[in-house]
Q: 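I have a structure I would like to understand better, so I am pasting it below and will then ask my questions one at a time.
Sequential numbering from 1 along the given sequence is applied to the chain's residues. When reading the values below, keep in mind they use all heavy atoms of this one structure, side chains included, and skip hydrogens, waters and symmetry mates.
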Amino acid sequence: MDTTYKIVIAAILIVSLLIIKGIYDERLYKKRLYNRLKNTWGQPSGREYSNEVFQAIKYYYSQNISETDIDDITCNDLDMDAVFMQINHTMTSIGEECLYALLRKPCTDISVLEERENTINCIQADEEERIKLQMALAGMGRLEKISVYSYIKEINSMDKGNRLYHICCGASLAISLCLCIVNPAVMVLVTALLIIHNVITYYKSKAKADPYIRVFTFISRIIRQAESIADTGIAGLGGYKDRLVACTRSLKKFNKNIWLVAGGNMNGDILDSAMDYLRILFHIDLIKISSMAGELKKHEKELNTIYNITGYIDSMASIASFRAGAGHFCIPVLYKAKGRKDISMDFTNLYHPLLEKPVKNSINAGKSILVTGSNASGKSVFIKTVAINAIFAQTIHTVLADSYNSCFFHIYSSMALRDDIFTNESYYIVEIKSLKRIIDKADKADTPVLCFIDEVLRGTNTLERIASSSQILKYISEASAMCYAATHDLELAKMLQGSFDNYHFEETVEDGNVVFDYKLRKGTTKTRNAIKLLDMIGYKQVITKGAERAAQFFLENGFWTV
């Protein structure tokens, strides 16, 4: 009796110590998380993105593409994946999936952008409540290399499994164990056979269910933490929180007894290991998974609502954090253009988000812009800077400038193109197709097109390039569009007078070195440096001096010497 008593007391003490340790570890984790969120606000996440991770992030967008989105050509031209990594401060897989999609979908509805602005302001207004919100989001975590949305989308086609069969397997073994007391000679053999049967059928069924177990436990966390988000005291988010509460209530049954399918890691925890064996023998988790799949099918709409609201709130918190670390930024002033004469854009001290020491530039544009300048003077970086910030204005409602005023635009570019070896198309064919999509959009768009073109028609000979590009650029500028074009062809500056305003970048030569200040200036460039750069890196003078003489002859006579 004494021995039994001691064993019971020891067991109680061990369980009590495990519970106390669990509580202590949880509090320590929350304290560390709180301090981390407080100290890293405004800082890039430092998250690493493998190709698998990025494909998972992009899946949600890929299922919701529309005609007015930032297309793949423009996305590639502007390095939008790198831009996304820079501004992604989200806490969840859902948040980053939604933030990526948001960056690809410029908005032309001012009320939508004002709602985003209101949400951002509400989140950053109270630091304590903001950290509480982030901690609730952090509790959801990330589902690495798997898109949460891909599983939500496939709920209707999900195989629920044969729930009745698994119930019979578990019940048969339980009854057999009980009958062992009555007739052990026979029932022990029957029980052994049932155990073998249940183990074999468990692992066969588990192989099919495994992809869903991780997602189901993740969805369970989403539902639990959605309630925590609703509990935050952030003023102004009442409507979102009320909808979250209503949806989580609908999914209470899904979340009930989730511990039956959790675990399974065999990581040394005694209770967890014991539960693993019970799951295998009695198919407990397979029965629960079947029930959970049915609940998700029944409440797919509510789950999508939780996904959308959580992703929205997390992405808005990410934008607030990006703003905190951005230094100078402004809220854009946007309007709808009523006609061609209403198209305009002006900004002061605009800069690129990916440059550590960016040079800021300003412009007041009432018509299209032609940018000239020498090699490496800053033409391409400048038009990319304008393009990225134009997208920012209509997506995250944040522009990296002192001020930004513009009408709403559909945004396209034609810059970093290359030959397509898969379709056997030359650079020139790829380029003219890219330009035609811009012209087609400008012809029919109800909202003006903002386009960015770097070295138009560089893939063909000088004569036809200048003749064709002048007409293409003139046509775009006279359509419902504003064009920023960068070129080395100074002839275009003269041919497009009246259709384009001319700006340029220039450089100086100091101690034999070419120095750039990357400042935008009005007018057409008067300098060139291609031959100077040949000389600087050590080309023989017979080449550089000969090139200089040939260039000077052309400038003086208008034709090339033989």
Q: Kindly compute the distance separating CD (Glu115) from NE2 (His397), expressed to the nearest 0.5 Å.
A: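 The CD atom of Glu115 sits 12.0 Å away from the NE2 atom of His397.
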
Q: Does the side chain of Thr372 come under 3.5 Å of the side chain of Thr524 through a donor N or O and an acceptor N or O?
A: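 Their side chains do not contain a donor-acceptor pair, so the 3.5 Å distance test is not met.
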
Q: Below 6.0 angstrom between ring centroids: does that apply to Tyr307 and Tyr60?
A: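 Yes, they do, as the ring centres are separated by less than 6.0 Å.
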
Q: Between Ser147 and Glu97, is the side chain to side chain contact (heavy atoms under 4.5 Å, CB included) condition met? List the steps.
A: CA-CA 8 Å; Ser147 167; Glu97 288 177 28; 3.5 Å; yes

Q: Consider only side-chain N and O atoms of Arg437 and Thr74, and report whether a donor and an acceptor are under 3.5 Å apart.
A: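 A donor-acceptor contact under 3.5 Å links the two side chains.
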
Q: Which word best sums up how the rings of Tyr149 and Tyr59 line up, parallel for under 30°, tilted for 30 to 60°, or perpendicular for over 60°?
A: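 Judged by the thresholds at 30° and 60°, the geometry between Tyr149 and Tyr59 is tilted.
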
Q: For Asp402 and Tyr351, does a side-chain donor sit closer than 3.5 Å to a side-chain acceptor?
A: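 Per modelled atom types, Asp402 and Tyr351 side chains form no pair under 3.5 Å.
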
Q: Are a donor atom and an acceptor atom from the side chains of Asp314 and Thr90 found within less than 3.5 Å of each other?
A: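 Absent: no donor and acceptor within the cut-off.
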
Q: Is the shortest side-chain heavy-atom distance between Leu37 and Met135 below 4.5 Å?
A: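 Answer yes - side chains close enough.
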
Q: Answer yes when Arg47 and Glu96 have at least one side-chain N-carboxylate O distance shorter than 4.0 Å, and no when they do not.
A: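 Counted as a salt bridge, because a side-chain N and a carboxylate O are separated by less than 4.0 Å.
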
Q: How long is the span from the CD1 atom in Ile466 to the NZ atom in Lys494, to the nearest 0.5 Å?
A: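 It is 11.5 Å, given to the nearest 0.5 Å.
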
Q: If only side-chain N and O atoms count, and only distance matters, is there a donor-acceptor pair under 3.5 Å linking Ser321 with His89?
A: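 Yes, because at least one side-chain N or O of His89 sits under 3.5 Å from a partner of the opposite role on Ser321.
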
Q: Less than 4.0 Å between a side-chain N and a carboxylate O, is that true for Lys522 and Asp501?
A: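 Looking at Asp501 and Lys522, the cut-off is not met.
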
Q: When you check the gap from the basic side-chain N to the acidic O, do Asp440 and Lys436 get nearer than 4.0 Å?
A: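 Salt bridge present between Asp440 and Lys436.
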
Q: Would Arg32 count as a cation-pi partner of Tyr34, with NZ or CZ less than 6.0 Å from the six-membered ring centre and within 45° of the ring normal?
A: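 Because its charged atom misses either the 6.0 Å distance or the 45° angle limit, Arg32 does not stack over Tyr34.
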
Q: With no hydrogens and no angle check, do the side chains of Asp69 and Tyr61 hold a donor and an acceptor under 3.5 Å apart?
A: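 Indeed, the side chains of Asp69 and Tyr61 share at least one donor-acceptor pair under 3.5 Å.
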
Q: Using only heavy-atom distances, determine whether the side chains of Tyr312 and Thr119 contain a donor-acceptor pair under 3.5 Å.
A: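 Per modelled atom types, Tyr312 and Thr119 side chains form a pair under 3.5 Å.
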
Q: Considering residues at least two apart in sequence or located in another chain, which fulfil the side chain to side chain contact (heavy atoms under 4.5 Å, CB included) criterion with Gln43?
A: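 In terms of side chain to side chain contact (heavy atoms under 4.5 Å, CB included), with neighbours along the sequence ignored, Gln43 is linked to Thr40.
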
Q: With a 4.5 Å cut-off on side-chain heavy atoms, are Thr108 and Thr447 touching?
A: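 Yes - at least one pair of side-chain heavy atoms lies under 4.5 Å apart.
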
Q: Looking at residues at least two apart in the chain, or sitting in another chain, which of them share a side-chain hydrogen bond (donor to acceptor under 3.5 Å, both in side chains) with Ser362?
A: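 With sequence neighbours excluded, Ser362 shows a side-chain hydrogen bond (donor to acceptor under 3.5 Å, both in side chains) to no residue whatsoever.
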
Q: Compute whether any side-chain donor of one residue and acceptor of the other, for Asn88 and Tyr49, lie under 3.5 angstrom apart.
A: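 Distance-only check passes for Asn88 and Tyr49.
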
Q: Looking only at side-chain N and O atoms, does Asp454 offer a donor or acceptor that is under 3.5 Å from a partner on Ser380?
A: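 A pair is found: one side chain offers a donor N or O, the other an acceptor, under 3.5 Å apart.
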
